[in-house]
Structure formats: structure tokens, C-alpha cells
Amino acid sequence: MRGRCAVITGSVAGLGHAIARRLALAGADVMLHGLEPIQDAQAAARRLAEETGSRVSLSRADLNDVDQIEAMMAQAETELGGVDILVNNAVVRHFAPVDQLRTEHWNEALAVNLSAAFHTVRLALPGMRARGWGRIVNMSSVYGAGATSDRIAYITTKTALIGMTRAIAVETARTGVTCNALMPGTVPTPPIVDRIAGIAATQGITEAEAAANYLRARQPTGRFVAMESVAAMVMLLCSPAGADITGAMLPVDGGWTAA
């Protein structure tokens with residue numbers, strides 16, 4: 001990845017950070033992005049640069065705002081020299097039945113989970129085409145292939161990302177650019193860990209018991225999908241082995257969709 005530059009949205013912590021770290025360890029320069037407290041974001045960028053020796057930039061763009069998305073991508077051009085790898089990972093989750101979901105939560109999910117991916121792609125693609133190489137990874141979910149109650153905005157946007165991925169892959173098929181969607185199962189990101197802690201407190205059980213119950217109902221492996229496993233799949237798609245993988249929906253889900 002030496003000489004490549006990557007933008008990963010939602011990457012100050014959690015899954016996005018694991019992906020950024022994997023690419024940086026392989027030599028890519030990376031832009032971290034997130035709205036975590038500024039001191040936490042700056043510390044994450046500093047640690048990653050020190051650990052990997054790669055250039056690490058930081059954006060705090062609000063993905064609800066197209067102007068801020070455009071500024072983030074322009075910053076990547078200025079500070080890193082372009083965008084060769086784009087990982088659309090940022091996400092918001094709101095839990096409510098269809099008729100109880102607040103309008104502002106629906107609109108936020110569409111903006112952050114879906115429209116932001118469109119805007120980052122449209123801004124990155126001209127440079128990728130000009131260089132004859134690019135890798136776009138849209139982070140969908142197992143819920144892009146199925147549904148459950150009380151997640152209408154999340155399921156809708158993650159499903160739509162798959163359609164977007166197919167459309168981009170067809171348009172870029174002869175340009176040296178690939179576009180794929182990953183469909184992770186349950187990954188131990190901070191929001192999931194916090195949710196399980198809440199379940200444990202409500203039910204009066206240990207967090208380990210709550211996690212086991214949570215995963216038993218979803219993944220045949222009975223364990224979390226490792227963030228490093230998802231990051232390794234991104235790395236594969238960015239490697240020479242990924243040159244002929246485009247328009248694919250790739251589950252990394254511990255057997256969830258198979259079951």
C-alpha cells in the first residue's frame with residue numbers, strides 16, 4: 001500500500017479505526033474521520049502515525065452537511081495527495097418501530113449512512129479514473145440481506161448501499177476502479193458493547209452472559225466477528241488479488257447469512 005492514500009469515514013474508533021490501522025500498517029497514508037471529542041480524535045491520529053510511520057490526517061466533517069463532506073475530500077487531496085482508497089464506514093443507528101421513528105432520525109440515517117457515501121464516491125472518482133486505480137468499499141451489513149424489527153432506517157440504508165455498490169461497479173468496470181460492499185455480522189464496536197452492557201444491567205446477568213445470548217441468536221460461531229477480520233477483507237480488496245472483485249456483496253458474519 002506504499003504510496004496509496006485512504007479515506008475511511010467513521011474511523012477514530014471501532015471498526016473504521018481497525019481498517020485504517022490495517023491499511024496504515026501496510027504503508028498507506030490515511031485520513032481518520034469522526035466526531036468524537038477533539039482530544040480523543042487527535043490522540044487516535046497521533047498514536048496511529050507513531051505506530052505505523054504513515055501520514056495520518058484527521059477530519060471532523062459532519063456527514064449531514066454536503067459542504068463539510070466536500071471540504072473533507074478536498075483536505076484529503078491537499079494533505080495526502082488524493083484518494084486512492086475510500087471506505088464508507090460511518091453509520092448512525094436509531095431503534096424504533098416504523099410509526100414511532102422520529103423524522104429527524106430518518107433523515108439523519110439517510111444522510112450519514114447513504115448520501116454521504118454517494119458524495120464521497122462522486123468526489124473521489126475523478127482522481128481514481130485519472131490514475132487508473134481505485135478501491136471503493138461500502139460498509140453494508142448482514143441487514144442488507146435481511147430484516148428485523150425496529151431498525152427501519154438502518155436496514156433501508158444498508159440495503160440501498162448494496163444497490164449503490166452495484167451501480168458504481170458497473171460504471172467503473174473498465175477504469176481500474178473496483179467497488180464492493182462488505183456485510184459484517186456483529187462486531188464488538190463501542191455501540192454494540194454498550195448495548196450489551198445495557199441488556200446485562202436490565203436482565204441482571206453478567207455482560208459475558210448477555211453477549212453469549214445476543215450472539216447465539218445471530219451467528220452460528222457464537223462469537224463476535226473480529227474487527228481485524230473485516231479489516232483483512234478490505235486489505236484483500238485493495239491488494240492485487242482484489243483486482244477482479246467488483247460489484248460483490250461479501251459477508252463477514254460468522255455464518256449468519258448462511259443460517
On a heavy-atom basis, which atom in [X] and which in [Y] lie closest, and how many Å separate them?
{"X": "Arg60", "Y": "Pro37", "result": "NH1-C, 4.0 Å"}
{"X": "Leu32", "Y": "Ala20", "result": "CD2-CB, 3.5 Å"}
{"X": "Met139", "Y": "Pro184", "result": "SD-CG, 3.6 Å"}
{"X": "Ala26", "Y": "Met235", "result": "CB-CE, 3.5 Å"}
{"X": "Leu63", "Y": "Ile69", "result": "O-CD1, 3.6 Å"}
{"X": "Ala197", "Y": "Glu207", "result": "CB-OE2, 3.6 Å"}

Counting only N and O atoms by type, is there a donor-acceptor contact under 3.5 Å from the side chain of [X] to the main-chain atoms of [Y]?
{"X": "Thr157", "Y": "Leu110", "value": "no"}
{"X": "His33", "Y": "Ser11", "value": "no"}
{"X": "Thr246", "Y": "Cys179", "value": "yes"}
{"X": "Glu36", "Y": "Asp40", "value": "no"}
{"X": "Ser229", "Y": "Val225", "value": "no"}
{"X": "Asn180", "Y": "Gly247", "value": "yes"}
{"X": "Arg218", "Y": "Asp253", "value": "no"}
{"X": "Ser239", "Y": "Leu236", "value": "yes"}

State whether Arg135 and Asp84 are salt-bridged, where the test is any N-O pair (Lys NZ or Arg NE/NH1/NH2 against Asp/Glu carboxylate O) under 4.0 Å. no
Task: Salt-bridge present (Arg21, Glu51; N to O < 4.0 Å) - done: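 So Arg21 pairs with Glu51 through a salt bridge.
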Exercise. For the pair Thr148 and Arg151, evaluate side-chain contact (heavy atoms from CB on, under 4.5 Å) and give the outcome as yes or no after the intermediate values.
Key: CA-CA 7 Å; Thr148 190; Arg151 297 192 187 195; 3.8 Å; yes
Thr206 vs Glu209, test: side-chain hydrogen bond (donor to acceptor under 3.5 Å, both in side chains). Steps then yes/no.
CA-CA 5 Å; Thr206 68; Glu209 290 171 321; 3.2 Å; yes
How far does [atom1] of [X] sit from [atom2] of [Y], to the nearest 0.5 angstrom?
{"X": "Asp194", "Y": "Ile199", "atom1": "CG", "atom2": "CD1", "answer": "11.5 Å"}
{"X": "Cys5", "Y": "Arg55", "atom1": "SG", "atom2": "CZ", "answer": "5.5 Å"}
{"X": "Ser140", "Y": "Met164", "atom1": "OG", "atom2": "CE", "answer": "11.0 Å"}
{"X": "Arg22", "Y": "Ile8", "atom1": "CZ", "atom2": "CD1", "answer": "12.5 Å"}
{"X": "Met233", "Y": "Ile19", "atom1": "CE", "atom2": "CD1", "answer": "11.5 Å"}

Decide whether [X] and [Y] are clustered together by the hydrophobic rule: side chain heavy atoms of Ile, Leu, Val, Met, Phe, Trp, Tyr closer than 4.5 Å, transitively.
{"X": "Val142", "Y": "Val230", "result": "no"}
{"X": "Val170", "Y": "Val177", "result": "no"}
{"X": "Ile136", "Y": "Leu250", "result": "no"}
{"X": "Phe224", "Y": "Val234", "result": "no"}

Given Asn89 and Thr9, is the side-chain hydrogen bond (donor to acceptor under 3.5 Å, both in side chains) satisfied, shown in steps? CA-CA 5 Å; Asn89 172 73; Thr9 63; 5.6 Å; no
ask   = Can you list the residues that meet the ring-ring contact (aromatic ring centres under 6.0 Å, His included) rule with Tyr214, with sequence neighbours excluded?
value =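 By the ring-ring contact (aromatic ring centres under 6.0 Å, His included) rule, Tyr214 matches no residue at all.
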- [ ] May I ask you to establish whether Arg102 and Trp106 are in a cation-pi arrangement, using a distance under 6.0 Å from NZ or CZ to the six-membered ring centre and at most 45° from the ring axis?
- [x] no
In Thr175, Thr172, Leu86, Ile85, the residue satisfying side chain to side chain contact (heavy atoms under 4.5 Å, CB included) with Met128 is Leu86
Just jot down the side chain to side chain contact (heavy atoms under 4.5 Å, CB included) partners of Arg93, sequence neighbours excluded, or say none.
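Counting only residues at least two positions away or on another chain, Arg93 forms a side chain to side chain contact (heavy atoms under 4.5 Å, CB included) with Val91, Phe95, Tyr154, Pro191.
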